[in-house]
Amino acid sequence: MKSVFSQRQLLHTPSKELSDGEMRPAVELPARAEYVRDRILEVGLGEIVEPSTFGRAPLERVHTTDYLDFMDGFHAMHEAAGRSGEAFPFCWPTKGLRCDVTPRHIDGLLGRYSFDAGTPIGPMSWEAAKISADTALTAARMIAEGAPVAFALCRPPGHHAMTDRFGGYCFLNNAAIAAQYLRDQGAERVTILDVDYHHGNGTQQIFYERGDVQFLSLHADPAEEYPYFLGYADEIGEGEGEGANYNWPMPLGTDWAGWGASLDEACKRAASFGTDTLVVSLGLDPFERDPISKFKLKSDDFTRIGARIRKLGLPTLFVMEGGYAIDALGVNCVNVLTGFEGA
Ligand code: FKS
Ligand code: ZN
C-alpha cells in the first residue's frame, strides 16, 4: 500500500508539557514519525509519497473560519505581544463563564480556542499541522480514486481537535477532514473507527449530529483517563446522528482478550451501518510498553487489529494518531498495515 508523509511535518517540535504539576519533556516528538517512516522502508510496505497542498477549503468543511483565522494569525500575534518560544493556554471559558465572547487579549484567545494546556504552539506548529492535514487528504484522495487502502503518516495527530479548539497534541482533526473529504467526493456512509488509547473527543464532537458519518471509539475509560470529560458509553449521538456514535470505554489494564472483543463489536457496528468507506484513527498507544498509557496490547496484537479490520472488506484509510513507545512505534504501526494486507 502507499503511504503519505512530508518531512515538513517534523517542524512542530514541542519541548515540554505540563504534567503532574511540573513541566516535563514532551512526548509527541518528531522522531515518532521518523521511526514509522523507517519501518515502512525496512519492510518494503510500498511507496511513500509527498502530500499535495489542498488549501483551506477542506479544512473549513470541519473547522470554523474564526478558528482557522486565529491559528493563521497566531504566530504574528505572539511576536507582536513581545513573546517568544512556545505558547500555552491557561484560562478557559468553562460552564459558569461566558462562552459567547471572544476576548482581544492573546491569553483570552488562547483559552477561547483550546480545551487544555497540553498542546504548546511553537513558530512552525501550525505549518506542520496544515501539512499533516494535507497528508490525510492526499491519502483520502487515493481512496476516492479507487485505491483499496492507504496510510496517512500524520503528525501532529488530530483526533482531539474540535471544530474550534486545539488540545491533546492536536490542532487539525486529520481523520475528520479526510472523512468529510471522502463524503464530498461521493462516499455515502463513512465510519471512523478510532483505536487510539484516548477517546477521540474532537472527532465525536464534529460528527455528533450527523447520520452520514459514524464514529466508533475504543479507549480507556474517561472516568480514569484523559480526556476525562467525553467518551462515556451513553454518548450515542443526537438528532440525525442518534445511533451513529458508540464508545467502548475499557478499564486500565485491558489486554487483547477485552480489547479484541470490543473491536469485534465495533466492526459489527461498522458493517451494520452500511459503511462504504472506512477511516481508521490509528493510535499505537494501547501498547503494553507505552509510557503514558495503561493498556496491554502486544506487538502481535497490532497485526490482529489489521487483519480484523480487513475482514470488513471496505476501502480503508489509516490515519496515524498517538503512540509514544518510540522504539516500538514503527513495528506496531506497520504490523497493523501488514496485518491488513496479509489477511
Ligand atoms: C499528562 C496527561 C496528558 C495528554 C494525552 C494526549 C493524548 C494524545 C493522543 C493523540 F492521538 F492525539 F496523539 N495527557 N499526565 O495520543 O490521543
Ligand atoms: Zn492517544
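Counting starts at 1 for both ligands and their atoms, in listed order. Positions are given from 1, in the same order as the sequence printed here. What's counted below: heavy atoms across the whole structure, side chains too, no hydrogens, waters or symmetry copies. None of the values given here were measured: they were computed from a predicted structure.
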Name, closest N/O/S atom of D196 to the Zn ion (ligand 2): OD1
What atom name does the N, O or S atom of D285 nearest to the Zn ion (ligand 2) carry?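 Checking each N, O and S atom of D285, the shortest distance to the Zn ion (ligand 2) belongs to OD2.
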Present, as a list of atom pairs with distances to 0.1 Å, all nitrogen or oxygen contacts under 3.5 Å between ligand 1 and the protein.
{"residue": "ligand 1", "atom": "15 (N)", "partner": "S19", "partner atom": "OG", "Å": "3.0"}
{"residue": "ligand 1", "atom": "16 (O)", "partner": "H198", "partner atom": "ND1", "Å": "3.3"}
{"residue": "ligand 1", "atom": "16 (O)", "partner": "D285", "partner atom": "OD2", "Å": "3.0"}
{"residue": "ligand 1", "atom": "16 (O)", "partner": "Y324", "partner atom": "OH", "Å": "2.5"}
{"residue": "ligand 1", "atom": "17 (O)", "partner": "H159", "partner atom": "NE2", "Å": "2.7"}
{"residue": "ligand 1", "atom": "17 (O)", "partner": "H160", "partner atom": "NE2", "Å": "2.7"}
{"residue": "ligand 1", "atom": "17 (O)", "partner": "D196", "partner atom": "OD1", "Å": "3.1"}
{"residue": "ligand 1", "atom": "17 (O)", "partner": "H198", "partner atom": "ND1", "Å": "3.2"}

Are the charged groups of E288 and K296 less than 4.0 angstrom apart, N to O?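 Judged by the 4.0 Å cut-off on N to carboxylate O distance, E288 and K296 do not form a salt bridge.
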A side-chain contact here means heavy atoms from C-beta on lying under 4.5 Å apart; do F166 and L110 qualify?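 When only atoms from C-beta onward are counted, L110 and F166 do touch, with a gap below 4.5 Å.
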Within a strict 4.5 Å, meaning less than it, do heavy atoms of the L10 and F5 side chains meet? yes
Option from F295, F287, W259 for which ring-ring contact (aromatic ring centres under 6.0 Å, His included) with Y197 holds: F295
For H199 and Y226, I'd like to know if the aromatic rings sit close, meaning centre-to-centre distance below 6.0 Å. no
Are the ring centres of Y208 and F215 closer than 6.0 Å? no
Within 6.0 angstrom of F229 CZ, more than 12 heavy atoms from elsewhere: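 Incorrect, the count does not exceed 12.
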Kindly confirm whether the Zn ion (ligand 2) is within less than 2.8 Å of some N/O/S atom in H198?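 Checking the Zn ion (ligand 2) against H198, an N, O or S atom does fall under 2.8 Å.
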